[in-house]
Amino acid sequence: NLAARMAAARGDALEKIAVAAAFHDIGIWLAGTFDYLQPSVDHARTYLPGAGREAWRPEIEAMIQQHHKVTPWKGASRPLVESFRRADWLDVCLFALPTRLPRRWLSDLLTAFPRMGFHLMLCRMSVCWTLHHPLRPLPMFKW
């Protein structure tokens with residue numbers, strides 16, 4: 001919802017965001033790892049041909065691979081990738097980052113999709129991963 005609103009997405013762009021959203025963190029659970037970007041891409045890559053969306057692969061992969069990039073994305077498919085990246089950062093930072101999205105809309109979004117302890121779970125996973133991989137504490141982040 002955040003990325004769709006930021007990108008003013010309609011049609012194929014909206015569906016691309018939905019596909020990337022469905023797969024962007026899936027490697028955490030399906031591959032059982034906190035180093036989940038490539039496993040998430042792999043699952044999306046498997047899905048796309050069966051959905052008749054193989055041509056979307058570069059954009060979907062970029063949205064997944066770059067969604068934790070700290071600095072803005074300047075590569076191919078910038079509008080979708082950058083909207084998705086900014087939306088994920090806004091979400092993971094509990095809406096504390098500056099945004100032009102109306103606060104009332106964000107509040108309504110949280111009412112429709114409550115956090116239900118998701119961010120606390122991410123914090124616990126981060127600590128556990130860091131204890132076992134101190135030299136790679138947050139492997140999903142990119143500059």
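From Ser126, atom OG reaches atom CE of Met121 across 9.0 Å, with rounding to the nearest 0.5 Å. Rounding to the nearest 0.5 Å gives a distance of 5.0 Å between CZ of Phe113 and CG of Asn1. The distance from atom NZ of Lys142 to atom CG of Leu37, rounded to the nearest 0.5 Å, is 6.0 Å. Put simply, CH2 on Trp56 and OG on Ser77 are 12.0 Å apart, with the number rounded to the nearest 0.5 Å. For the atom pair CD1 (Ile17) and CG (Leu80), the distance works out to 5.0 Å, reported to the nearest 0.5 Å. With rounding to the nearest 0.5 Å, the separation of CG in Leu122 from CE in Met125 is 7.0 Å.
Remark: the backbone N or O of Leu48 is not paired with any side-chain donor or acceptor of Arg53 at under 3.5 angstrom. Looking at Ser40, its side chain does come within 3.5 Å of a backbone N or O of Gly27 through a donor-acceptor pair. Remark: side-chain polar atoms of Lys69 are paired, donor with acceptor, to backbone N or O of Trp143 under 3.5 angstrom. Between the side chain of His119 and the backbone N or O of Arg115 there is no donor-acceptor pair closer than 3.5 Å.
A side-chain donor from one of Gln65 and Gln38 sits under 3.5 Å from a side-chain acceptor of the other.
Of the charged side-chain nitrogens involved, none lies within less than 4.0 Å of a carboxylate oxygen, so that Asp12 and Lys16 do not count as a salt-bridged pair.
Hydrophobic clustering, with ILVMFWY side chains joined whenever heavy atoms are under 4.5 angstrom apart, keeps Trp129 apart from Leu30. Residues Leu14 and Trp105 fall into different hydrophobic clusters, defined by Ile, Leu, Val, Met, Phe, Trp and Tyr side chains chained together at heavy-atom separations under 4.5 Å. Residues Ile28 and Val19 fall into different hydrophobic clusters, defined by Ile, Leu, Val, Met, Phe, Trp and Tyr side chains chained together at heavy-atom separations under 4.5 Å. In terms of hydrophobic clustering, with Ile, Leu, Val, Met, Phe, Trp and Tyr side chains grouped at heavy-atom distances under 4.5 Å, Val92 and Val70 are assigned to a common cluster.
Closest heavy-atom contact between Ser83 and Pro79: OG-O, 2.8 Å. Pairing each heavy atom of Met6 with each of Leu90, the nearest pair is CE-CD2, 3.7 Å.
With a 6.0 Å radius and a threshold of 12 heavy atoms from other residues, nucleotides or ligands, Arg103 has its CZ atom above the threshold.
Two residues are said to be in side-chain contact when any heavy atoms from C-beta on lie closer than 4.5 Å; Phe84 and Ile64 fail this criterion. The closest side-chain heavy-atom distance from Ile60 to Met63 is below 4.5 Å. Tyr36 has its side chain out of reach of Ile26: every pair of non-hydrogen atoms, C-beta onward, lies at least 4.5 Å apart. Taking the side chain as every heavy atom from C-beta outward, Thr99 and Leu2 never approach each other to under 4.5 Å. Counting heavy atoms from C-beta outward, Pro49 and Glu54 have side chains that approach closer than 4.5 Å. Between Leu97 and Arg86, the closest side-chain pair of non-hydrogen atoms is not below 4.5 Å. By the 4.5 Å heavy-atom criterion applied to side chains, Phe95 and Ser107 are not counted as neighbours. Put simply, the side chain of Pro102 reaches to within 4.5 Å of the side chain of Arg5, judged on heavy atoms.
The aromatic rings of Tyr47 and Phe23 are tilted relative to each other, their planes meeting at an angle between 30° and 60°.
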Verdict with supporting geometry, Asp35 and Met140, side-chain contact (heavy atoms from CB on, under 4.5 Å)
CA-CA 6 Å; Asp35 191 2; Met140 74 294 287; 5.9 Å; no
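Taking the six-membered ring for Trp and the full ring otherwise, the centers of His68 and Phe141 sit less than 6.0 Å from each other. Taking the six-membered ring for Trp and the full ring otherwise, Phe34 and His133 have centroids separated by 6.0 Å or more.
Geometrically, Arg78 does not engage Trp73 in a cation-pi contact defined by less than 6.0 Å to the ring centre and at most 45° from the axis.
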